[in-house]
Amino acid sequence: MSLRWQQRLTERQRQRQQLGLWRSRPLLTSAPGARVQVNGQWLINFASNDYLGLAESPDLPLLAQGLHQQAGKAGSTASHVLAGHHLPHHLLEDELADWLGVERVLLFSSGYLANLAAQTALLQDGDALYHDKLNHASLLDGARLSSARFQRYAHNDMEALARRLAQPTEGLTMVVTDGVFSMDGDAVCLGKMLSLVAEQDGLLVVDEAHSFGVLGEQGRGLFAHQQQAADASVLRVGTLGKAFASSGAFIAGSGLLIDSIAQWGRSYIYTTAQPPYQASFSRAALRLLAGEVGEAARLKLDELIAVFRQGAQALGLSLLPSSTPIQPILLGSNERALAWQAKLWQSGFWLPAIRPPTVAQGTARLRVSLSAGHSVEQIESLLTALAACQREEGVCA
Ligand SMILES: *Cc1c(COP(=O)(O)O)cnc(C)c1O
């Protein structure tokens, strides 16, 4: 490598480390679950998005094997539009569509790719695209790749959105938002958004990565939870790697919208379809998640969220207004977030420090992800460990 390349990369890495922004990859050597072995140490896991605890379910792999006809075969061998669209993919799409009550569902290999396609396939030059400021990075990248005029509005601020929407535009309008925000845990108010978007004859795209499976009757997500109908001008993006404990993602909506995404979504067309077995696994996860197993998990989760919030508030920790399993503890500086992360790790708890650019400067936090796989005792012992972090800071100050 040339000296100039070496110097550039070495210097950038050094700065990142100095700013407390270096990202490392903890190595898991156990199966996923509420307790995991990480870098050789057993920890209680508050870092996963396995909200329903399905990752540990013994029924899930059994059910998946029963549904899968092509045992032992791995790859899909092509894109969905060539030779890669297999029966398990097709059945999964139909079952997801039935579950949500939509005309059509399109399966993707990841939520990142789905979020690129939802925007790039539909938007054209001259269109107006509005995003919540805290939208997930994959949505932001979709906006950057689209040819629309792109603006962001203040987080969850419907008056700010209304002002944006009042601007004249020659083209069509799309509004894109996380349903439940991935690093804050709060949710959008769909009723208000739907009426604002309808006034402009716009499309609304809601990323339900953290709400499908978790919220609403049968885990049908934020629309069910807030008792709103998702009409033909709504697209919903779901991921299969979180509450579904599988992998992949999907977009749900009207036939007209979904067919257009399948025609023009480059991140749909130019990538290999996920392994068919993965789709069978997701079909099994859907059955559990929409049924009694999911119902029980959602009730348990509500209980754990209440236990955590009450305990954390009693300690005076800085929480955000979240009623979802995403419960951030605001700490401010990167150094403080890293120090708490390290201290908790020593005590046997894994809470990831979330730092810029994932969150705004000065709002570094620990992101607590609760799961129905946790026990009340595990939450209580976490609260004890958090209290110890506070005491230690008090001594240092
Ligand atoms: C995780 C996540 C994604 C990306 O989904 P993957 O399947 O992991 O690529 C998209 N949006 C949000 C809000 C997410 O949290």
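What's counted below: heavy atoms across the whole structure, side chains too, no hydrogens, waters or symmetry copies. For ligands, and for the atoms within them, numbers begin at 1 and follow the listed sequence.
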Novice: Can you say whether the rings of F181 and H155 are parallel (under 30°), tilted (30 to 60°) or perpendicular (over 60°)?
Specialist: perpendicular
Novice: What atoms of ligand 1 come within less than 4.0 Å of a heavy atom belonging to T239?
Specialist: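 In order of number, 5 (O), 7 (O).
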Novice: Short question: side chain of R104, backbone of E93 - any donor-acceptor pair under 3.5 Å?
Specialist: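 It does not hold such a pair.
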Novice: Would you mind running through ligand 1 and noting each atom that sits below 4.0 Å from a heavy atom of D207?
Specialist: 10 (C), 11 (N), 12 (C), 13 (C)
Novice: For a quick test of reading the model, state the closest non-hydrogen atom pair linking N156 to C189 and the distance between them.
Specialist: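 Scanning both residues completely, I find the closest heavy atoms to be OD1-N, 4.3 Å.
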Novice: Can you tell me which residue and heavy atom of the protein come closest to atom 14 (C) of ligand 1, and the distance to 0.1 Å?
Specialist: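 Ranking protein heavy atoms by distance from atom 14 (C) of ligand 1, first comes K242 NZ, 2.7 Å.
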Novice: Any idea which atoms of ligand 1 are less than 4.0 Å away from a heavy-atom of G111?
Specialist: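 Result: 4 (C), 5 (O), 6 (P), 7 (O), 9 (O).
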Novice: For F46 together with F308, are the ring centres under 6.0 Å from each other?
Specialist: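 For F308 and F46, the ring centres are not under 6.0 Å apart.
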Novice: At under 4.0 Å between heavy atoms, which part of N115 makes contact with ligand 1: side chain, backbone, both or neither?
Specialist: side chain
Novice: Just wondering, do P276 and H89 contact through their side chains at under 4.5 Å, heavy atoms?
Specialist: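 Yes, their side chains come closer than 4.5 Å.
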Novice: Does CD belonging to Q6 count more than 12 external heavy atoms closer than 6.0 Å?
Specialist: yes
Novice: List every atom of ligand 1 that sits less than 4.0 Å from any heavy atom of Y112, numbering the atoms from 1 in the order shown and giving each element.
Specialist: 4 (C), 5 (O), 6 (P), 9 (O)
Novice: Which atoms of ligand 1 are found less than 4.0 Å from any heavy atom of S138?
Specialist: 10 (C), 11 (N)
Novice: Over all heavy atoms of both residues, which pair between A353 and A337 is shortest? Give the atoms and the distance, please.
Specialist: CB-O, 3.8 Å
Novice: Checking the N or O distance criterion of under 3.5 Å, is ligand 1 in contact with D178?
Specialist: no
Novice: Where on S110 is there a heavy atom closer than 4.0 Å to ligand 1, on the side chain, on the backbone, on both, or on neither?
Specialist: both
